[in-house]
Amino acid sequence: MKLLNPGPVTLTARVRAALAAPDVCHREPEFAALTRGVIAKLGRVYPEAEATHTAVLLTGSGTGAVEAMLGSLTPRDGRTLVVSNGVYGERAAAMLAAQGKAFDIVKGAWTEGLDLAAARSRLAAGGYTHVFSVHHETTTGRLNDVASLGAICKQRGVPLLLDAVSSFGGEAIAFDAWNLEACAATANKCLHGVPGVAFVLARRGVFSARPSGATSVYLDLFRYEKEQRAGFSPFTQATHVMHALDAALSELSDAGGVSARSAHYRALSDAVRAGLGALGVEPLLDPATHSATLTSYKLPPGLAYATLHDTLKEQGFVIYAGQGDFSGSIFRIAVMGDLARADADRLLGCVRRILGAG
Ligand SMILES: *Cc1c(COP(=O)(O)O)cnc(C)c1O
């Protein structure tokens with residue numbers, strides 16, 4: 001089975017084998033050494049950030065990391081500007097609301113880019129302690145123009161918090177130019193690990209510069225950061241999943257790092273887009289705005305999502321439905337995980353047969 005949903009991904013044999021590592025107690029030195037090794041490797045995924053940012057590891061999914069980042073790093077008496085154009089921006093606003101933190105939202109249409117003009121004028125008015133946005137908005141597959149948003153943040157001196165859950169490891173991130181205080185991500189999207197470990201890569205200085213803003217005991221990054229300097233964690237870590245992440249990070253490095261992985265994704269996405277285009281299946285967005293990792297397509301007239309999904313699943317592929325307003329009108333294809341050009345070609349052959357094009 002090849003997973004074409006945006007995480008969890010199809011595992012490589014090397015990552016799967018790492019799951020069979022010996023049982024280990026999370027309070028023993030060998031697990032602390034593994035944890036410190038994973039933190040070091042995460043710090044090197046983007047060499048630019050190695051000296052300035054540190055990874056804080058949590059047991060949970062990407063949403064947990066985003067919630068921990070927002071909860072811990074936005075001050076209780078702060079105010080955050082959420083710049084949103086999809087499900088994940090709106091989810092972050094819901095988290096701030098649940099935390100009882102003040103925020104405003106620049107809520108853009110899901111089919112449009114970030115509303116930079118509105119963000120610029122809000123920030124010019126002042127009063128914000130943080131800006132939050134989503135790097136790759138997986139709702140549509142748009143790679144948001146975080147470079148422009150980050151430049152505004154830098155100019156205004158407001159730190160940016162980024163949901164990089166579906167881009168970390170697969171797209172370029174400019175930590176300094178974007179004024180990035182922290183980004184949240186997970187083991188099981190572009191890093192090709194197993195679900196169960198998520199993390200926040202945060203500017204080292206924030207943990208000593210101010211108190212934690214956390215409104216939750218479990219999701220307080222400050223507590224994790226302090227204990228993880230020695231490799232330990234306040235609560236049980238997903239020990240086997242950590243071994244798998246360690247292997248996945250070595251594999252990413254051996255494969256040439258983020259730029260090589262991004263180019264591999266881009267080649268696969270381009271091949272799928274060209275093949276589907278030849279069958280008359282159109283992307284939802286202007287292809288120039290798409291991420292390397294995921295493309296949304298309009299469902300061809302007369303073809304129900306369930307029919308497409310179920311028939312492809314019988315052939316060994318899992319595709320992904322649209323969310324919210326897009327359910328029933330689009331489908332999504334992600335190319336993260338252990339996928340090769342031959343898989344893309346076989347997928348195209350299956351879709352051709354489903355569409356009756358021979
Ligand atoms: C997948 C995703 C999430 C949520 O991750 P989970 O692991 O499902 O909790 C958050 N943000 C973005 C942009 C995502 O693609």
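Whatever order the structure lists ligands and atoms in, that order sets their numbers, starting from 1.
- Side chain to side chain, R346 and Q315 fail the donor-acceptor criterion of an N or O pair below 3.5 Å.
- Annotation: side-chain hydrogen bond (donor to acceptor under 3.5 Å, both in side chains) contacts of T52 (sequence neighbours excluded): none.
- By the 3.5 Å distance cut-off applied to N or O atoms, T186 is not counted among the residues near ligand 1.
- Contact of the Y128 side chain with the R122 side chain is registered, since non-hydrogen atoms from C-beta on lie closer than 4.5 Å.
- Considering backbone and side-chain N/O atoms, G62 comes within less than 3.5 Å of an N/O atom of ligand 1.
- In terms of heavy-atom proximity, H192 sits nearest to G337 at NE2-N, 2.9 Å.
- Donor-acceptor pairing under 3.5 Å is recorded for the side chains of E181 and H130.
- What sits closest to atom 3 (C) of ligand 1 on the protein, heavy atoms only, is Y88 CE2, 3.4 Å.
- Checked by atom type, the side-chain pair T138/S166 shows a donor-acceptor distance below 3.5 Å.
- Which parts of ligand 1 touch S61 is read off a 4.0 Å heavy-atom cut-off, strictly below it: atoms 6 (P), 7 (O), 9 (O).
- Atom 4 (C) of ligand 1 has as its closest protein heavy atom T63 OG1, 3.3 Å.
- Within the 4.0 Å heavy-atom cutoff, K189 counts among the residues contacting ligand 1.
- Annotation: atom 11 (N) of ligand 1 to nearest protein heavy atom, D163 OD2, 2.6 Å.
- Taking a 6.0 Å sphere around CZ of R16, one finds it holds 12 or fewer heavy atoms contributed by other residues, nucleotides or ligands.
- Residue F132 is tested with D163, T74, L160 for a side-chain contact (heavy atoms from CB on, under 4.5 Å); the sole match is D163.
- Which parts of ligand 1 touch T138 is read off a 4.0 Å heavy-atom cut-off, strictly below it: atoms 12 (C), 13 (C), 14 (C), 15 (O).
- Residue contacts with ligand 1, taken as heavy atom pairs separated by less than 4.0 Å, involve V165 solely via side-chain atoms from C-beta onward.
- Close approach of ligand 1 to H136 is summarised as follows: ligand atoms under 4.0 Å from at least one heavy atom of the residue are 13 (C).
- For ligand 1, the atoms closer than 4.0 angstrom to any heavy atom of S166 are 13 (C), 15 (O).
- In terms of N/O distances under 3.5 Å, ligand 1 is not approached by R91.
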